[in-house]
Amino acid sequence: MSVRVRYAPSPTGLQHIGGVRTALFNYFYAKSQGGDFLLRVEDTDRERYSEESLDDLYQTLNWLDIKWDEGPIVGGQYGPYIQSERFDLYQKYAKMLVDNDMAYYCYCTPERLEKVREEQKANKSSTQGYDRHCSNLSAEERAEYEKQGIKPVIRLRVPTEGKTTFHDVLMGDITRKNKDVSPDPILLKSDGFPTYHLANVVDDHLMGITHIMRAQEWIPSGPLHIILYKAFGWEPPIYCHLPMVMGKDGQKLSKRHGSTSVRDFREKGYLPEALMNYVTLVGWSYDESTEFFSKEELEKVFDINKIHKAPGIFDYKKLDWFNGQYIRKLSDEELKEKLIPYLVRASFINEEITDEQNAILNQLIPCVKPRLKVLSDVVGLSSFLFTKPEIADKEMFIAKKMDLQSTTKALIKAYEILKTGLDKDLPFEEIENEISNLATEMDVKVNGVFTPLRVALTSSNVSLPMNDTVNLLGKEECYKRIERAIEMLEGEL
RNA sequence: GUCUCCUUCGUCUAGUGGUUAGGACACCGGGUUUUCAUCCCGGCAACACGAGUUCGACUCUCGUAGGAGAUGCCA
């Protein structure tokens with residue numbers, strides 16, 4: 001039997017790291033087995049639904065280059081894989097259950113349910129959830145409610161005796177007493193939309209899903225779903241509950257831990273390859289040492305049995321490291337293309353790049369490459385080039401064991417050396433040597449003379465190598481900046 | 001509260017009865033370097049605890065503790 005799995009997100013927010021990892025595991029499993037990966041949109045929560053989320057779902061999968069074999073048609077056209085488009089179907093199946101007395105109409109108001117919950121809590125009652133108030137209404141009672149215009153929900157009749165077991169590929173058998181299964185959960189809401197439980201089971205069955213890979217937070221409803229399958233007389237698929245992705249404090253990964261949406265990572269300048277590589281390594285591993293995997297490799301090598309059981313903490317620093325590694329693997333040309341949007345956004349350059357700018361970019365890229373953790377870092381690293389920086393505070397010019405006077409003197413002399421050297425077109429190495437010699441002559445550390453030079457040119461203590469900085473800025477601009485700095489320092493004397 | 005699941009370095013993990021418990025990130029040190037990075041070398045650091053089973057347990061069993069998740073007309 002060919003494997004068919006699905007990713008079935010609900011468009012109620014931006015695609016989350018955890019969700020995407022589920023998608024990836026499903027996708028890689030399908031591909032590794034030569035099976036199909038389906039995408040299904042579970043938009044049954046009309047209150048939380050948003051168009052933006054749906055859009056984000058497509059963008060995210062697209063960015064990661066995850067293609068579904070079956071799913072909604074992109075481009076405004078709704079397909080058969082969007083639950084809101086299958087509205088009538090769920091009605092039909094819910095009513096079928098009612099007809100077989102596997103489910104029943106319930107007219108309880110949300111207020112009453114809330115009250116029941118509160119009382120249970122107050123009494124520290126061990127029984128919890130719905131009190132099955134409507135489970136045995138007579139035809140007359142129902143008619144009375146209907147007359148009042150109350151729109152009923154449909155609830156599943158969960159057995160109170162016995163127990164239900166399901167098998168999980170990772171966890172083994174999981175058994176729950178039926179009395180501990182959430183009592184008579186709602187299948188069809190009063191607005192006619194199905195809840196997750198119904199829609200999920202109906203669709204997975206109709207779509208011929210063979211394996212359900214979803215987050216471990218679903219384990220407790222596993223038995224419930226088995227009961228539902230039984231009520232329909234269907235064979236349940238194979239389950240595989242995935243360990244969850246947590247934040248540093250061990251709680252479910254959320255905003256307070258940092259970025260959680262793929263869109264955030266994309267905007268900051270993480271490469272899809274890096275994010276994908278790292279994310280699939282949370283809760284899965286191939287062997288004792290391999291950690292770089294391309295999407296194509298994962299499609300071959302992914303093994304469901306090597307998924308971990310315990311939840312994993314999302315390590316932002318390791319992601320950064322991966323991203324740096326992937327950035328360094330890029331050719332200069334590739335990196336340039338990826339960096340341009342960030343430079344444009346920072347208003348450093350325009351979309352249409354002049355030949356002159358292009359030449360500068362070609363110089364800049366290799367300088368910046370070993371220094372990028374994320375693509376957006378390029379902005380900070382190159383702002384000295386594209387903007388006229390505020391002249392730095394005088395303290396910044398002064399290196400350790402130096403004072404204002406010696407610093408000013410060093411800068412003036414270093415400037416002379418630099419200027420004559422550049423004007424004579426000496427190799428930069430030679431100029432640097434001379435400047436180093438100057439330090440020796442002045443009996444100060446090399447830092448004492450290079451620091452003021454660096455700060456004069458970039459207004460920062462941290463910069464690209466001097467050679468690159470000078471090349472990038474051009475002679476004339478360098479002179480201007482150094483003269484400006486000297487003037488400022490002399491004014492302070 | 002109740003139910004379910006989980007437990008190897010700080011983090012991600014390898015390991016399936018006999019290993020100096022391996023790798024990676026982070027961290028610390030060193031080298032390259034005028035700064036910041038990159039790169040290279042080295043170091044620190046773990047089997048939650050307690051009972052069994054066994055000649056022998058990180059590996060098997062049972063308890064304990066800790067953590068997480070579920071307990072919605074959300075998924």
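The chains referred to below are lettered A, B, ... by the order of the sequence lines, with proteins before strands, and numbering in each begins at 1. Only a predicted model underlies this, so the values are computations on that prediction, with no experimental measurement involved.
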No-hydrogen, no-angle side-chain donor-acceptor test under 3.5 Å, A/Y326 and A/N277
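A/N277 and A/Y326 do have a side-chain donor-acceptor pair below 3.5 Å.
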A/N471 and A/N467: side-chain donor and acceptor closer than 3.5 Å?
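There is such a pair between these side chains.
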Side chains of A/I307 and A/V169, heavy atoms from C-beta outward: is any pair under 4.5 Å?
no
Heavy atoms, side chains only, cut-off 4.5 Å: are A/L271 and A/I327 in contact?
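Touching, per the 4.5 Å side-chain cut-off.
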Just checking [X]: base, sugar-phosphate only, or nothing, at a heavy-atom cut-off of under 4.0 Å?
X	result
A/V153	base
A/G448	nothing
A/C108	base
A/S463	base
A/P9	nothing
A/Q325	sugar-phosphate
A/E47	nothing
A/L464	base
A/S460	nothing
A/M171	sugar-phosphate
A/S10	sugar-phosphate

side-chain N/O [X] vs [N] OP1/OP2, d < 4.0 Å:
X	N	answer
A/T44	B/A75	yes
A/K252	B/A70	yes
A/S436	B/U34	no
A/H241	B/U4	no
A/R48	B/A75	no
A/K189	B/A75	yes
A/K309	B/C6	yes

Is [N] paired to anything, Watson-Crick or G-U wobble with both distances less than 3.5 Å, and if yes, which nucleotide?
N	value
B/U34	none
B/C73	none
B/U4	B/A68
B/U61	B/A51
B/A21	none

Any idea which of B/U38, B/C6, B/U34 is nearest the A/P370 side chain?
B/U38
Per ring-ring contact (aromatic ring centres under 6.0 Å, His included), A/F322 is matched among A/Y316, A/F293, A/F265, A/F292 by A/F292
Residue met sooner reading RNA chain B from 5', once A/L281 and A/R371 are mapped to nucleotides
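On the 5' side of the pair lies A/L281.
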Rounded distance (Å) that lies between atom P of B/U35 and atom CZ of A/F384
17 Å
Nearest heavy-atom contact between A/T160 and A/K179 is O-CB, 3.6 Å
